[in-house]
> 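Input: one structure, supplied below.
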Amino acid sequence: AAGELASALHAAETRQKAVAEQFVPALQVLLEHSTLEDSTNSGSKSTHHKGRMDDMDTDADTASSSGAGGSVRRILIGSPDAAIKVVKQMIAGSQAKAQQQHQHEQGRKPQKQDASQDAATAVAVWKLVDALWGIPDLAVSVSGDGVATAASIGRHRAQIRAQRPHVQDMYRRRMLSQWLSGVTSASSDPSVATTPPDSKNADSEAVLAEVFNLLATNNIQRACACAVQNNDHRLALLIAQASGPQKTRQLLREQLREWRAQGADKFISANRLKIYALLAGCLVWPEGPEEPGQSVCEGLDWRRALSVHLWFGCAAGQPVTAALEMYRDSFLSKVPALTAAGVAGLQKQTTVKPAACPPHPPYWDPSSSSKRSSGRGPALSVSEARAADGAPLDICYHLLRLYSGNSLSLLHALLPESATPHTMDLRLSWHLYQVLVALGHARLSSAREEQLNVGFAAQLEQAGLWEWAVFVLMHIAEAGTREAAVRAVLQRRSVSLGKSARQAHAQALLTERLAVPEAWLHEAAATHAALLHSQAGAEELAEELLAAGKWNEAHSVVLQRLAAELVLGRAVERLGHFVTELARDGRSDLIEDWENGGKIYVDFYSAMQMLDHMLNNQDSMSMADVQQLCQLMQDLSGRVHLLPNTSPNHRLCQAEMSSKLANALLVLSEANEQGGPLKVLDALRSLPLAGNYRLQHLSRLTEAYLLELESQ
């Protein structure tokens with residue numbers, strides 16, 4: 001049984017470690033570059049510290065010392081420069097994770113490779129953010145070290161902002177072109193094999209398909225080499241001029257029109273015409289709204305289709321937004337196209353279909369387009385929210401639309417279904433939103449923002465990472481909502497603080513790094529302890545309430561659940577610890593009915609301490625000390641009956657305290673001056689003693705009085 005338990009614990013630790021590896025690295029990157037808003041600013045706008053999280057020790061001390069009345073401040077990425085460095089580290093981390101997942105999932109069925117696909121999507125998204133708003137020329141490692149320092153990032157951003165708008169547009173076009181080259185090369189059609197160099201058939205469909213595939217990924221040099229290797233030198237010359245002046249495209253378009261007018265195009269391979277049309281910038285050929293033609297984007301995924309529009313459809317001086325709008329028009333428009341029979345020249349059969357593939361996410365299976373998932377957010381046109389077939393649109397497309405000025409695209413970019421088939425996975429959405437906010441390019445409504453924070457926090461809490469859920473909830477703008485959400489997580493999860501390395505680490509993160517008031521954690525632990533119906537649970541509850549600064553609640557626990565048990569269990573020292581803590585530093589002034597509760601136990605504990613000290617040091621005991629202690633006990637005797645007596649244990653506690661006081665008074669009367677036994681008589685009358693105990697003490701008191709008379 002012990003072996004099975006150890007095995008189960010080891011398996012649980014392994015699962016927890018695996019879950020942490022999925023979530024924690026990215027969260028740590030954000031934490032490293034985040035700052036807390038000033039405590040004087042409790043609104044939705046944030047004023048950040050100049051320092052980073054390394055400077056939060058004093059913040060944590062301040063929050064902890066504020067007691068139960070403390071608060072949590074909002075936390076955000078500190079600056080646009082910090083956001084760019086976050087993007088750099090996200091790229092490096094996502095690439096490492098994608099490579100690791102790819103190696104792990106090699107040989108598995110495609111439907112079992114979700115993690116690898118999600119990691120690849122994350123790499124593409126962060127690289128696109130860097131291309132559109134960051135500084136792709138700078139590099140950084142996973143740990144944040146490397147070329148990109150804060151100073152270099154700020155310097156490069158200033159240089160970019162100082163350029164004319166057209167120069168900035170061309171810079172972003174160049175960066176997007178590099179991004180498209182990367183993602184399209186990675187997703188090139190694997191079915192297209194490179195033609196062997198000794199192939200002599202220049203019209204081979206395989207050769208032409210390979211050339212077109214290389215052009216669609218902007219690999220001009222390899223496309224030229226492929227044409228030359230297959231003795232198609234004229235095509236190679238045209239390809240070499242693909243990135244040249246517009247005049248070349250105009251001449252090639254005129255040649256296509258002349259071939260069309262003379263009917264010569266019937267004798268030219270369809271794939272060759274497709275390449276010529278691409279080089280001419282004719283994305284649908286033949287041209288004309290009614291004439292059936294062939295789109296050069298047919299069979300291409302949306303990223304390569306967008307690449308074709310950017311590299312061949314737009315002029316070299318046009319910005320990213322022009323290519324995006326051209327591509328959007330293509331996948332939203334319908335063009336007449338020849339069927340397979342029509343292309344072969346057998347008959348004039350046509351159909352109507354989009355000129356380009358809609359921007360589906362990589363995971364989307366067109367064959368499953370009949371399975372619709374309900375949209376979220378406000379009602380939108382199909383072109384904004386989804387493709388015509390009802391499929392979600394790719395997160396990268398939404399980011400491009402956001403860059404073009406469509407702020408509504410942010411809402412859809414943050415939907416999990418735009419990046420992953422797991423519709424409850426908000427990891428990428430939440431991190432992306434924090435970066436975009438820090439860069440100053442996007443903002444959701446307060447309700448949507450809160451929904452995103454709460455949703456991702458729930459995902460983390462479900463995974464067992466409740467301390468990181470608190471970190472996420474601290475991004476909520478409204479102070480009251482933020483505090484309530486953080487307290488709710490602590491109440492559910494923060495138990496047995498410091499009892500394990502895991503809990504100790506979580507507590508350190510919350511109090512030292514996030515400046516969560518330590519009193520809140522003790523309140524949460526007290527809630528857990530309140531459910532334990534034992535003396536140990538009551539003592540833990542009292543300790544946590546004291547640490548949380550809940551004096552009235554702690555006083556109530558001591559009176560109702562602890563005091564009687566400790567007195568009857570001969571643990572007066574332990575009782576003294578609790579009541580003296582409540583009496584310190586004016587705390588008792590804030591406690592209801594202190595004089596008839598905790599104050600009695602404080603005096604009882606003090607009296608017992610003084611009595612023990614006197615009995616152990618009789619030689620140094622003075623008559624003044626005896627009289628002082630006797631007076632304290634006589635006063636205490638008249639108040640013991642005020643303690644709670646709602647249970648048998650409470651009544652036994654009163655009897656036990658009364659018996660101890662009576663015995664002590666009798667001992668003191670023997671050492672007191674004449675008349676001592678008579679002074680004790682009034683105290684005995686007021687003590688709530690049982691009948692037999694009262695008779696016993698009166699008998700002893702009578703004997704003491706008779707001895708006093710005889711001595712006279």
> Which one of Val486, Thr481, Val72 satisfies the side-chain contact (heavy atoms from CB on, under 4.5 Å) criterion with Leu473?
Val486
> To the nearest 0.5 angstrom, please state how far the CZ atom of Arg513 sits from the OG atom of Ser34.
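Separation between the atoms: 10.0 Å.
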> Begin from the C-alpha positions of Phe604 and Leu661 and carry the test side chain to side chain contact (heavy atoms under 4.5 Å, CB included) through to its verdict.
CA-CA 9 Å; Phe604 176 74; Leu661 289 173; 4.2 Å; yes
> Assess the residue pair Thr646 and Gln560 against the criterion (side chain to side chain contact (heavy atoms under 4.5 Å, CB included)); give the C-alpha distance rounded to whole Å, side-chain angles, the decisive distance to 0.1 Å, and a yes or no.
CA-CA 9 Å; Thr646 55; Gln560 300 297 332; 4.2 Å; yes
> Checking His475 side chain against Val472 main chain: does a donor-acceptor pair fall under 3.5 Å?
yes
> Quick one: does Asp635's side chain have a donor or acceptor within less than 3.5 Å of a partner on Gln631's backbone?
no
> To the nearest 0.5 Å, how far apart are CG in Leu426 and NE2 in His431?
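These two atoms lie 11.0 Å from each other.
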> Check this for me, if you would: do Arg487 and Glu483 make a salt bridge, where the nitrogen-to-carboxylate-oxygen distance has to be below 4.0 angstrom?
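Yes.
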> Does the side chain of Leu428 come within less than 4.5 Å of Leu414's, by heavy atoms?
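They are not in contact (no side-chain heavy atoms under 4.5 Å apart), so the answer is no.
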> Looking only at heavy atoms, which two atoms of Ala457 and Ala469 are closest? And how far apart?
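For Ala457 versus Ala469, the nearest heavy atoms are O-CB, 3.4 Å.
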> When you measure from the side chain of Ser659 to the backbone N and O of Glu656, does any donor-acceptor pair fall under 3.5 Å?
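The answer is no, because no donor-acceptor pair under 3.5 Å joins these two groups.
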> Have a look at Arg574 and tell me which of Glu543, Glu565, Glu581 forms a salt bridge (Lys or Arg N to Asp or Glu O under 4.0 Å) with it.
Glu543
> May I have the step-by-step check of side chain to side chain contact (heavy atoms under 4.5 Å, CB included) for Asn645 and Gln654, ending in yes or no?
CA-CA 8 Å; Asn645 62 351; Gln654 286 186 350; 3.8 Å; yes
> For Leu546 versus Ala554, what's the shortest heavy-atom pair and its separation?
CD2-CB, 4.0 Å
> For Leu36 and Arg74: C-alpha separation, side-chain torsions, deciding distance, then whether side chain to side chain contact (heavy atoms under 4.5 Å, CB included) applies.
CA-CA 6 Å; Leu36 292 168; Arg74 193 183 187 195; over 6 Å; no
> From His522 NE2 over to Gln507 CD, what is the distance, rounded to the nearest 0.5 angstrom?
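Going from the NE2 atom of His522 to the CD atom of Gln507 covers 6.0 Å.
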> Keeping Asp593 on the side-chain end and Glu595 on the backbone end, is there a donor-acceptor pair under 3.5 Å?
no
> Applying ring-ring contact (aromatic ring centres under 6.0 Å, His included) to Phe471 and Trp468, what does each step give before you reach the verdict?
CA-CA 5 Å; Phe471 168 66; Trp468 289 105; 5.7 Å; yes
> Do Tyr605 and Met610 make a side-chain contact, defined as non-hydrogen atoms from C-beta onward lying under 4.5 Å apart?
no
> Counting only heavy atoms not in Gln28 (residues, nucleotides, ligands), do more than 12 fall under 6.0 Å from its CD?
yes
> Quick one: are His650 and Ser647 in side-chain contact, heavy atoms under 4.5 Å?
yes
> Nearest 0.5 Å, what's the OG1-CD distance between Thr580 and Glu573?
9.5 Å
> Decide yes or no for Asn596 and Arg639: does some side-chain heavy atom of the first lie under 4.5 Å from some side-chain heavy atom of the second?
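Answer no - side chains too far apart.
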> With the side chain counted from C-beta on, respond yes when Leu509 and Leu31 share a heavy-atom pair under 4.5 Å apart, and no when they do not.
yes
> Might you point out which heavy atoms bring Gly78 and Thr35 nearest each other, and give the distance in Å?
CA-OG1, 3.7 Å
> Is the backbone N or O of Val602 less than 3.5 Å from a side-chain atom of Ser606, with the two atoms forming a donor-acceptor pair by type?
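Indeed, once roles are kept as given, a pair shorter than 3.5 Å links the two residues.
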> Which heavy atom of Leu643 sits nearest to which heavy atom of Gly597, and what is that distance?
CD2-O, 3.7 Å
> Work out which heavy atom in Asp425 is nearest to a heavy atom in Pro416; give both atom names and the distance.
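Smallest interatomic distance, heavy atoms only, reads O-CB, 3.3 Å.
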> Arg482 vs Glu449, test: salt bridge (Lys or Arg N to Asp or Glu O under 4.0 Å). Steps then yes/no.
CA-CA 12 Å; Arg482 180 171 64 248; Glu449 187 178 86; over 6 Å; no
> Parallel, tilted or perpendicular for Phe456 and Phe23, by the 30°/60° rule?
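Aromatic pair Phe456/Phe23 classed tilted.
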> Using side-chain heavy atoms (C-beta onward) and a distance below 4.5 Å, is Val437 in contact with Ile77?
no
> So, does His555 use its side chain to make a donor-acceptor pair with the main chain of Gly598 at under 3.5 Å?
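Such a contact is found between His555 side chain and Gly598 backbone.
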> With heavy-atom distances below 4.5 Å as the criterion, would you say the side chains of Leu510 and Leu490 are in contact?
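Heavy-atom side-chain distance check passes, below 4.5 Å.
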> I'd like to know if Lys599 and Asp603 make a salt bridge, using a cut-off of under 4.0 Å between side-chain N and carboxylate O.
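Result for this pair is yes, salt bridge flagged.
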> Which one of Leu582, Asn552, Ile600 satisfies the side-chain contact (heavy atoms from CB on, under 4.5 Å) criterion with Trp594?
Leu582
> Could you give the distance from CD (Glu518) to CD (Glu512), rounded to the nearest 0.5 Å?
9.0 Å
> Give the minimum heavy-atom separation between Ala26 and Met90, together with the two atoms involved.
O-CE, 3.5 Å
> So is Arg492 actually on top of Trp466's ring, under 6.0 Å and inside 45° of the axis?
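Output no; distance or angle outside limits.
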> At what distance, to the nearest 0.5 angstrom, does CD of Glu592 lie from CG of Leu590?
10.5 Å
> Any non-hydrogen side-chain atom of Glu37 less than 4.5 Å from a side-chain atom of Ile75?
no
